[in-house]
Amino acid sequence: GVLISAVLNMPGVTSASLSSTAISCVEISGLPDWARATNLMSAMRELNLSDNQIEDWSMVAQVLRSAPILSALDLSSNRLGTAEGGATAAEAFSGMAHSELRALVLNGTRCDTSGARYLLKAAPGLERLYLAGNEWTEADVVALTAAVGDEELATADGPDGTTTTT
């Protein structure tokens, strides 16, 4: 909690990597100075939260709400949607529109296509989506992009063999 709090409380920080810092949905939302960190996150443009313990979609929604100009978010290797009693993606992203998010990395998150679909609908300006390691079939990805309603989305292999929509 101390490292996370220190990084988020540094004025002027627009990019942060908090990879492998054991963040969980309980820890980060329970920070005593979360309100202050939320204000400072309003300047955040890039955030790497990969390899943590984020399981609840409401944590992702909280980050997006706290960082309105966030353009890149890496959630790789978290266990999204697995929190027992946690918010569903539908609940977490209800009514949300985060138009600044351009790149989203969901590699190895174990999230299902339903959860990803609600997140994609909440990020209408998304340009790059990485989905490697989720054991989805090509049909799952096609259904996901079709559900978002953008016929222009096409899947392709991105860097390091990741699947990207453009």
Side-chain angles (χ1 to χ4, degrees), residues 1 3-10 12-29 31 34 37-38 40-83 86-87 89 92-93 96-136 140-141 144-145 148 153-166:
L3 169 67
I4 298 162
S5 180
V7 170
L8 294 178
N9 283 305
M10 295 173 73
V13 171
T14 60
S15 180
S17 179
L18 299 171
S19 181
S20 302
T21 52
I23 297 171
S24 71
C25 56
V26 174
E27 280 183 84
I28 198 162
S29 62
L31 286 173
W34 179 250
T38 298
L40 292 167
M41 282 184 64
S42 65
M44 193 68 61
R45 305 238 357 115
E46 297 178 6
L47 185 58
N48 180 345
L49 294 173
S50 64
D51 293 311
N52 279 293
Q53 299 166 8
I54 301 169
E55 299 176 343
D56 194 334
W57 284 113
S58 63
M59 168 61 186
V60 178
Q62 185 177 24
V63 167
L64 291 174
R65 284 186 181 96
S66 300
I69 63 170
L70 190 68
S71 62
L73 178 60
D74 187 345
L75 295 168
S76 296
S77 301
N78 282 286
R79 296 171 296 200
L80 293 172
T82 63
F93 302 113
M96 178 186 281
H98 194 291
S99 59
E100 296 298 315
L101 191 63
R102 299 289 181 257
L104 178 61
V105 185
L106 294 174
N107 294 338
T109 56
R110 301 183 201 165
C111 69
D112 60 21
T113 55
S114 172
R117 182 175 57 245
Y118 286 103
L119 178 52
L120 291 177
K121 286 183 178 184
L126 198 65
E127 297 170 354
R128 293 182 318 267
L129 174 63
Y130 300 92
L131 302 169
N134 286 307
E135 300 179 17
W136 294 354
D140 289 334
V141 175
L144 175 65
T145 56
V148 175
L153 288 175
T155 60
D157 286 336
D160 303 321
T162 58
T163 302
T164 309
T165 63
T166 55

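Hydrogens, waters and symmetry mates are skipped; everything else that's a heavy atom, side chains included, is used. The shown structure was predicted, so the numbers you read here are calculated from the model rather than taken from an experiment.
- Between the side chain of N134 and the main chain of W136, no donor-acceptor pair closer than 3.5 Å is present.
- Across all their heavy atoms, S99 and R102 have their closest contact at O-NH1, 2.5 Å.
- Partner of L49 under the side-chain contact (heavy atoms from CB on, under 4.5 Å) criterion, out of V63, V60, D74: V63 alone.
- Atom CG of L75 and atom OG1 of T109 lie 7.5 Å apart (nearest 0.5 Å).
- Smallest separation of non-hydrogen atoms from S76 and V105: OG-CG1, 3.0 Å.
- One finds the CG atom of D112 at 9.5 Å from the CG atom of D140 (value rounded to the nearest 0.5 Å).
- At least one side-chain heavy atom of C111 sits under 4.5 Å from a side-chain heavy atom of W57.
- Remark: the backbone N or O of A61 is not paired with any side-chain donor or acceptor of H98 at under 3.5 angstrom.
- For the side-chain contact (heavy atoms from CB on, under 4.5 Å) criterion with L120, the lone passing option out of L101, L106, L126 is L126.
- Between L104 atom CG and E127 atom CD the span is 12.5 Å, to the nearest 0.5 Å.
- The shortest heavy-atom contact between N78 and D51 is ND2-N, 4.1 Å.
- Between L70 and E100 there is no side-chain heavy-atom pair separated by less than 4.5 Å.
- For the pair L64 and L73, the minimum side-chain heavy-atom distance is below 4.5 Å.
- E46 and S71 make their closest contact through CG-OG, 4.5 Å (heavy atoms, listed as atom of the first residue, atom of the second, distance).
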